[in-house]
Amino acid sequence: MDMFPQLMEGSSAYSDATNLSIIANISSTSSSVTGATATQPPSSSSSSSPSANSSRYENQKRRDWNTFGQYLRNHRPPLSLSRCSGAHVLEFLRYLDQFGKTKVHTTVCHFYGHPNPPAPCPCPLRQAWGSLDALIGRLRAAFEENGGKPETNPFGARAVRLYLREVRDTQSKARGVSYEKKKRKRPLPTLSASSSSAVASHQQFQMLPGTSSTTTQISKFEN
């Protein structure tokens, strides 16, 4: 999974002092989390339990929200959350691309559309569509959890949805992979005990001698 760092060192839009403070915040947060984990007794439940998955999701959502907050505060000019729009979200996503680890081949590359290229190429690295899509989902939920209204949620803006769709289609063609969800096969309907007995009785009735002639006579009489 691609990682989302706080800031790019040496960027013209951000100061070195701010970068150092954010790095210090990240280090202190990481050490506190690690220390808290070390003091906790080992749990007998599996790490893949629903509660563990929920905890990891909540922690990641909180880190993503803090990262976006840092991005707004260090924006030039600084932005408040109330003034943030879908355009600023797109700017944030494009900013994250420089830290991506997913190779996206260009149309002139010999490996365009090749899922497993046999050799390296100079094509750029980008954030994977799946990572961006999950990131936007977490930020969209965090926005409303922190008092934002759904109708003014910048992470749910139409421009953001179109951008994610474009990234998905572009990376799917460039990497030769499909992001379409596989449709689950519907299980065949199972007959109840009463239905099964009714079908069996009907089949046995049809197998009796003279049944077809009797049925024909009844149908003629009804006509």
Side-chain angles (χ1 to χ4, degrees), residues 1-11 13-14 19 22-23 26 29-30 33 47-48 50 52-72 74-75 84-145 153-184:
M1 178 184 293
D2 293 331
M3 302 300 293
F4 302 112
Q6 299 282 350
L7 285 178
M8 179 185 66
E9 185 176 1
S11 173
Y14 309 98
N19 287 340
I22 292 177
I23 293 173
I26 298 173
T29 303
S30 301
V33 173
S47 60
S48 60
N53 292 334
S54 176
S55 178
R56 284 196 296 268
Y57 172 80
E58 293 298 329
N59 291 336
Q60 185 62 53
K61 182 172 60 176
R62 182 167 54 254
R63 287 193 295 268
D64 294 337
W65 183 248
N66 292 335
T67 300
F68 187 73
Q70 291 280 7
Y71 178 83
L72 293 182
N74 294 283
H75 191 276
C84 180
S85 65
H88 298 114
V89 175
L90 294 182
E91 180 183 330
F92 175 65
L93 295 180
R94 295 189 180 101
Y95 160 78
L96 293 176
D97 258 339
Q98 60 192 307
F99 305 104
K101 298 180 180 180
T102 300
K103 179 79 70 173
V104 180
H105 303 289
T106 61
T107 54
V108 297
C109 179
H110 294 292
F111 303 136
Y112 182 82
H114 199 298
N116 298 305
C121 66
C123 292
L125 297 174
R126 295 286 185 261
Q127 292 287 347
W129 165 78
S131 299
L132 294 179
D133 187 60
L135 172 67
I136 289 299
R138 292 190 296 267
L139 290 175
R140 184 174 182 175
F143 177 84
E144 298 179 9
E145 291 174 1
N153 195 329
F155 303 101
R158 184 173 182 270
V160 177
R161 295 197 304 270
L162 292 178
Y163 176 80
L164 290 176
R165 187 183 305 170
E166 180 183 357
V167 171
R168 181 193 64 185
D169 295 342
T170 300
Q171 293 190 5
S172 176
K173 295 177 182 178
R175 302 177 60 205
V177 296
S178 176
Y179 293 120
E180 296 296 333
K181 294 182 179 179
K182 296 181 179 180
K183 295 182 178 180
R184 296 182 179 179

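Index from 1, following the sequence. Atoms considered below: every heavy atom in the structure, side chains included; atoms not considered: hydrogens, waters and symmetry mates.
Between F99 and Y95, the two ring planes are perpendicular [angle over 60°; tilted spans 30° to 60°]. The aromatic rings of W65 and F143 stand perpendicular to each other, their planes meeting at an angle above 60°, with 30° marking the opposite boundary.
Scanning all heavy atoms of the two residues, the minimum distance from Q171 to R126 falls at NE2-CB, 4.3 Å. Between N153 and E144, the closest heavy-atom pair is ND2-OE2, 3.3 Å. T106 and Y112 make their closest contact through O-CD1, 3.1 Å (heavy atoms, listed as atom of the first residue, atom of the second, distance). Of all heavy-atom pairs between A141 and Y57, the closest is CB-OH, 4.1 Å. The minimum heavy-atom distance linking D97 with Q127 is given by the pair OD1-N, 3.0 Å. Taking both residues in full, the closest heavy atoms of F111 and A119 are given as CE1-O, 3.2 Å, listed atom of the first, atom of the second, then distance.
One finds the NZ atom of K173 at 10.5 Å from the CZ atom of R168 (value rounded to the nearest 0.5 Å). Atom CG of L139 sits about 11.0 Å away from atom CD of E145, to the nearest 0.5 Å. Rounding to the nearest 0.5 angstrom, the gap separating the CG atom in L164 from the CZ atom in F155 is 12.0 Å. Atom CH2 of W129 and atom CG of D169 lie 9.5 Å apart (nearest 0.5 Å).
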- Query: Should Y163 and V89 be marked as a side-chain contact (heavy atoms from CB on, under 4.5 Å) after you check the CA-CA gap, both sets of side-chain angles, and the distance that decides it?
  - Reply: CA-CA 10 Å; Y163 176 80; V89 175; over 6 Å; no
- Could you walk me through whether D133 and V167 pass the side-chain contact (heavy atoms from CB on, under 4.5 Å) test, one step at a time? CA-CA 10 Å; D133 187 60; V167 171; over 6 Å; no
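Using a 4.5 Å cut-off on side-chain heavy atoms (C-beta onward), C109 and H114 make no contact. Proximity of P117 to H105: side-chain heavy atoms (C-beta onward) are separated by under 4.5 Å at one or more points. Contact annotation: the side chain of P154 never approaches that of H88 to less than 4.5 Å [non-hydrogen atoms, C-beta and beyond]. Looking only at side-chain heavy atoms (C-beta outward), L135 and L96 come within less than 4.5 Å of each other.
Remark: the R56 side chain and the N59 side chain contain no N/O donor-acceptor pair separated by less than 3.5 Å. Donor-acceptor pairing under 3.5 Å is recorded for the side chains of D64 and Q60.
No side-chain donor-acceptor contact under 3.5 Å links K103 to the backbone of P120.
Salt-bridge annotation for R94 and E91: absent, with no side-chain N of the basic residue lying under 4.0 Å from a carboxylate O of the acidic one.
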